[in-house]
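Contents: one structure, followed by commentary.
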Amino acid sequence: MTQLFHIKTFGCQMNKHDSDFISQVLLNKGYRQTDSIDDAHIILINTCAVREKAEEKALTFIGRLATLKRKKPYMITGVIGCVAQEKGAHLLKRFPYLDLVLGPRNVYHIDEFLYKIEKERKRISCLDLTCEFTSFSKYNGYLNGKVKSFLKIMEGCDNFCSYCIVPFVRGREISLPSEEIIDEAKYLVSQGIMEITLIGQNVNSYNVKNKALPTFSGLLKELDSIAGLKRIRFTTSHPKDISDELIGSFGELKGLCPHIHLPVQSGSDNMLRLMNRGYTRDKYIGLIERLRSTRPDIIITSDMIVGFPGETEEDFECNLSLIEEVKFDNIFSFKYSDRPGTKALQLPGRIGEKEKQRRLSILQERQREITLLKNKLLEGTIQEILVEGPGKIGDDQLTGRTLGNKVVNFSSKINLKGQLVKVNIIKGLQNSLLGEL
Ligand code: 5AD
Ligand code: SF4
């Protein structure tokens with residue numbers, strides 16, 4: 001009987017990519033994927049530990065599996081990703097029906113682990129942070145029909161921002177050799193992929209530890225010369241590692257999309273110092289100015305944390321004045337959340353939950369206005385869209401993204417999936433744009 005598997009994924013693009021990888025490995029082994037946890041023989045939960053709330057969500061989901069496992073004792077259940085790494089074998093103790101706990105650096109051997117569990121009915125935990133990662137292209141099939149794809153170029157983080165758990169759960173930074181990345185990109189293009197997003201915790205510190213190897217900008221240049229690869233994106237980059245060469249790439253490389261996600265985290269120098277970010281507000285604003293003078297149409301998005309320990313009303317006002325000054329196209333903003341093992345845990349000046357929520361609401365409200373304004377500014381412009389497929393609302397609706405990564409919905413009687421089309425923007429909305437072919 002064909003085994004059915006279900007993967008529930010929480011968290012960032014790295015987790016999504018890991019889940020895609022696992023799905024592909026299992027599909028190639030003859031398993032079939034299902035959306036229903038009731039039908040599944042194997043249930044894997046890919047977890048995020050970046051904030052307490054994300055972690056709680058994952059733990060609640062794991063808790064729900066208890067009844068299911070009683071009904072289907074043959075079922076295999078596994079927790080993978082960042083919470084798995086953080087809590088380790090403790091999860092096996094807390095949830096006696098779990099069979100597998102696997103850190104984010106160990107997903108590459110998922111098939112061997114599942115085989116072992118099936119054959120020996122052993123409970124396994126593997127949390128080795130030194131495992132090398134494999135590229136994706138060796139596993140055929142999964143990309144069928146897709147027009148864009150992620151490509152992981154590095155893993156881990158060495159920055160130790162004082163609030164962040166990532167360096168502890170994804171380990172030290174390693175970069176995939178550029179030849180493998182280029183090979184994989186060529187393979188993706190041969191499968192019909194037109195847009196590649198290079199992913200990693202800090203893509204712009206690619207090979208930063210080894211000066212003899214290609215830099216991130218060098219890698220972008222090589223990728224840009226691949227015939228058929230129409231669009232290149234990357235995420236996430238760290239402001240302290242943005243080189244002049246990288247800024248220059250936005251003016252030089254034809255395939256590099258004019259979008260950068262550049263998390264600032266705070267507009268206050270005091271907070272940036274306590275966060276161990278390695279740059280000042282002025283330095284960040286300088287980067288934005290240089291990016292915009294190199295590529296005036298560049299779309300800039302960011303992340304911000306409010307209520308970091310010691311954040312005064314004045315510091316918070318600096319966040320507001322920063323978004324006012326920079327006018328980001330959008331930001332993801334979060335209430336500071338204590339994370340085990342991080343330096344910020346020892347800082348004085350905890351901000352109460354209510355106050356954090358107040359600050360977050362004010363920040364988000366102001367950003368919503370700026371985002372809408374920015375989207376409205378695009379009305380009347382012509383944008384190139386890579387059509388991804390049918391839109392969510394209405395018949396004959398297609399959806400795709402602009403070069404700057406904004407979602408555009410428009411009507412078309414013909415299916416244009418996988419094509420680059422020119423669309424006139426007729427309305428800028430809060431979360432998307434409305435276009436006309
Ligand atoms: N609390 C709140 N937000 C956090 N982030 C990372 N760690 C924390 C934390 N402890 C945010 C940062 C990062 C994004 C992915 O999550 O803004 O850029
Ligand atoms: Fe976390 Fe900072 Fe590394 Fe980003 S750069 S993953 S915020 S430690």
Side-chain angles (χ1 to χ4, degrees), residues 10-18 47-57 81-83 85-86 104-105 129 152-175 199-206 208-209 216 234-242 260-268 271-279 284 300-311 315-316 319 322-323 328 330-347 349-353 355-357 359-360 363-364 367:
F10 295 94
C12 65
Q13 69 280 355
M14 296 289 275
N15 268 13
K16 288 193 183 87
H17 188 62
D18 289 342
T47 56
C48 170
V50 82
R51 280 169 295 276
E52 203 178 347
K53 232 184 176 167
E55 191 176 300
E56 276 166 8
K57 263 198 220 160
C82 298
V83 178
Q85 187 70 41
E86 180 206 340
R105 296 279 268 254
L129 278 175
K152 198 193 275 187
I153 64 164
M154 52 96 65
E155 173 69 274
C157 179
D158 290 351
N159 286 324
F160 291 94
C161 298
S162 64
Y163 50 80
C164 189
I165 199 170
V166 168
F168 304 97
V169 291
R170 281 198 176 259
R172 299 288 59 74
E173 229 171 78
I174 52 163
S175 301
I199 59 167
Q201 248 72 46
N202 291 290
V203 284
N204 57 332
S205 50
Y206 176 76
V208 86
K209 285 185 204 158
F216 181 56
F234 57 84
T235 196
T236 295
S237 28
H238 194 302
K240 80 172 168 47
D241 295 322
I242 298 274
I260 187 162
H261 182 67
L262 199 58
V264 64
Q265 311 299 1
S266 174
S268 151
M271 295 299 105
L272 289 172
R273 197 170 358 89
L274 290 173
M275 287 174 169
N276 191 29
R277 289 290 288 175
Y279 54 86
Y284 184 87
I300 300 175
T301 54
S302 196
D303 291 347
M304 261 195 178
I305 297 175
V306 298
F308 187 74
E311 188 189 66
D315 294 316
F316 172 64
N319 294 344
L322 184 82
I323 65 164
F328 292 108
N330 210 348
I331 62 168
F332 297 101
S333 46
F334 312 99
K335 287 181 278 184
Y336 166 75
S337 161
D338 273 335
R339 297 288 60 214
T342 60
K343 281 252 168 69
L345 271 185
Q346 290 145 28
L347 290 174
R350 240 111 275 268
I351 313 291
E353 191 52 34
E355 179 57 17
K356 279 197 270 193
Q357 186 54 53
R359 293 181 190 182
L360 185 70
L363 183 71
Q364 291 186 334
Q367 181 58 46

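In listed order, ligands and their atoms are each counted from 1.
- With contacts defined as side-chain heavy-atom distances shorter than 4.5 Å, the pair Asn319/Met271 does not qualify.
- Under the side chain to side chain donor-acceptor pair (under 3.5 Å) criterion, Arg51 pairs with no residue, sequence neighbours left out.
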Full working for salt bridge (Lys or Arg N to Asp or Glu O under 4.0 Å) between Glu55 and Arg339: CA-CA 10 Å; Glu55 191 176 300; Arg339 297 288 60 214; 2.6 Å; yes
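- For the pair Ser333 (side chain) and Gln364 (backbone), a donor-acceptor distance under 3.5 Å is absent.
- For the residue pair Asp315 and Ser268, a side-chain donor N or O sits within less than 3.5 Å of a side-chain acceptor on the partner.
- Proximity of atom 8 (S) of ligand 2 to the protein is indicated by at least one non-hydrogen atom lying closer than 4.0 angstrom.
- No side-chain heavy atom of Ile351 sits less than 4.5 Å from a side-chain heavy atom of Phe308.
- In this structure, a donor-acceptor pair under 3.5 Å is present between the side chains of Ser205 and Glu173.
- Under the side chain to side chain donor-acceptor pair (under 3.5 Å) criterion, Asp303 pairs with His261, sequence neighbours left out.
- At a cut-off of 2.8 Å, measuring from atom 2 (Fe) of ligand 2, the protein N, O or S atoms that fall short of it are Cys161 SG, waters left aside.
- Between Glu353 and Lys335 there is a salt bridge, with a side-chain nitrogen of the basic residue lying less than 4.0 Å from a carboxylate oxygen of the acidic one.
- Near ligand 1, residues Val50, Arg51, Tyr163, Gln265, Asp303, Ile305, Phe334, Lys335, Tyr336, Ser337, Arg339 each place a heavy atom inside the 4.0 Å sphere around the ligand atoms.
- Side-chain contact check for Tyr163 and Gln265: at least one donor-acceptor pair (N or O, by modelled atom type) lies under 3.5 Å.
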